[in-house]
Amino acid sequence: RRHAADLCAPKRAGSRMKAITLWQPYASAIPLGLKSYETRSWKTKLRGPILIHAAKRAKTADREFCKTMAALYGRPELADPPLGAIVAKADIVDIFNVEDIRDTLSTTELAFGDYDDGRFAWKLENIQPLIEPIPYRGGQGLFTVSDQEIAAARFSKPLNNMTIAS
């Protein structure tokens, strides 16, 4: 099996990848193929690989939302998603104003994001779920993870041409 260090670019000693923390079930919706945009109140110049990290805590309302989304989308994995772990890798390929794309998105995509006016949608492609989530302490905004810290990670093949459910 290939290791994360083999999959991360650039390939040089001590290289690092950016990561971002998302609340559940939003973090797990990405590797499950339910979400291909991450919505934020800010945009970034970052393009290319990013690690998707699930927040360590979940409020009671978030846990209930996870169970509801699991039942609604027939994805039992969402009922008890991993917390405090890296769950996937993806490429940020573009950033859009939500007003420009909101009307083109599926109801599923809309359910897993905040598409209020004035926000930004980060388009994710080449999503690679981790076979086993890696426990990791996240951070606010974009944070850095070294290849060494995820060297044992095993990613599945990218979700190519992902079709989001309606």
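What you see is a predicted model; the values in this text were computed from it and never measured.
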Requested in this report: Determine the minimum heavy-atom distance between A19 and V145, stating which atoms define it.
Outcome: CB-CG2, 3.9 Å
Query - Euclidean distance, W122 CH2 relative to T39 OG1, rounded to 0.5 Å - result: 10.0 Å
Query raised in the report: Do E77 and L32 have side chains that get closer than 4.5 Å, going by heavy atoms?
Result: yes
Query raised in the report: Do E125 and K123 have side chains that get closer than 4.5 Å, going by heavy atoms?
Result: yes
Query raised in the report: Would you call D91 and R47 a salt bridge, using N to O less than 4.0 angstrom?
Result: no
Query raised in the report: Can F112 be reached from L83 by stepping across I, L, V, M, F, W or Y side chains whose heavy atoms are under 4.5 Å apart?
Result: no
Query raised in the report: So with a 6.0 Å cut-off around CG of D114, is the heavy-atom count from everything else above 12?
Result: yes
Query raised in the report: With sequence neighbours left out, which residue pairs that include part of residues 17-31 fulfil the side-chain hydrogen bond (donor to acceptor under 3.5 Å, both in side chains) condition?
Result: K18-T144, T21-H53, Q24-S28
Report task. Using salt bridge (charged side-chain N to carboxylate O under 4.0 Å, His left out) as the criterion, list what pairs up with D103, not counting sequence neighbours. Result -> none
Query raised in the report: Are L22 and L110 connected in a single hydrophobic cluster, I mean Ile/Leu/Val/Met/Phe/Trp/Tyr linked by side-chain heavy atoms less than 4.5 Å apart?
Result: no
Report summary line: CD (E64) and CE (M69) are apart, to the nearest 0.5 Å, by 13.5 Å
Query raised in the report: Do I127 and Y73 share a hydrophobic cluster (ILVMFWY, side-chain heavy atoms under 4.5 Å, transitive)?
Result: yes
Query - Salt-bridge contact E38-K35 (side-chain N to carboxylate O under 4.0 Å) - result: yes
Query raised in the report: Would you say N97 and F120 make side-chain contact, with heavy atoms under 4.5 Å?
Result: yes
Query raised in the report: Closest heavy-atom contact between P81 and L78?
Result: CD-O, 3.1 Å
**Report entry** Verify same cluster id: W42, I50 (apolar side-chain graph, 4.5 Å)
**Finding:** yes
Requested in this report: For I95 and I92, work out which heavy atoms get closest and say how close.
Outcome: CD1-CG2, 4.0 Å
Report task. Check the pair L51, Y136 against side-chain contact (heavy atoms from CB on, under 4.5 Å), reporting the backbone distance first and the verdict last. Result -> CA-CA 11 Å; L51 295 169; Y136 197 85; over 6 Å; no
Report task. Start with the C-alpha gap between D117 and R102, add the side-chain angles, then the distance that decides, and say whether side-chain contact (heavy atoms from CB on, under 4.5 Å) holds. Result -> CA-CA 9 Å; D117 287 354; R102 183 174 40 220; 2.7 Å; yes
Report task. Might you confirm whether atom CD of E132 has over 12 heavy atoms from other residues, nucleotides or ligands at distances under 6.0 Å? Result -> no
Report task. Would you mind reporting whether E99 and R119 have side-chain heavy atoms less than 4.5 Å apart? Result -> no
Report task. Scan side-chain atoms only and decide if E109 and Y37 contain a donor-acceptor pair under the 3.5 Å cut-off. Result -> no
**Report entry** A70 backbone acceptor or donor facing R75 side chain under 3.5 Å
**Finding:** no
**Report entry** Shortest non-hydrogen contact from A153 toward I134
**Finding:** CB-CD1, 3.2 Å
Query - Full working for side-chain contact (heavy atoms from CB on, under 4.5 Å) between I131 and F155 - result: CA-CA 6 Å; I131 293 169; F155 293 93; over 6 Å; no
Query raised in the report: Looking only at heavy atoms, which two atoms of Q128 and S156 are closest? And how far apart?
Result: NE2-O, 3.4 Å
Query raised in the report: Looking at R16 and D147, does any basic side-chain N land under 4.0 Å from a carboxylate oxygen?
Result: no
Query raised in the report: Linking I/L/V/M/F/W/Y whenever their side-chain heavy atoms sit closer than 4.5 Å, directly or via other members, would V93 and I20 fall into one cluster?
Result: no
Query raised in the report: Hey, does V87 have a side-chain heavy atom less than 4.5 Å from the side chain of P129?
Result: no
Requested in this report: Would you please test L142 and L46 for side-chain contact (heavy atoms from CB on, under 4.5 Å) and show each step?
Outcome: CA-CA 10 Å; L142 295 173; L46 178 68; 4.2 Å; yes
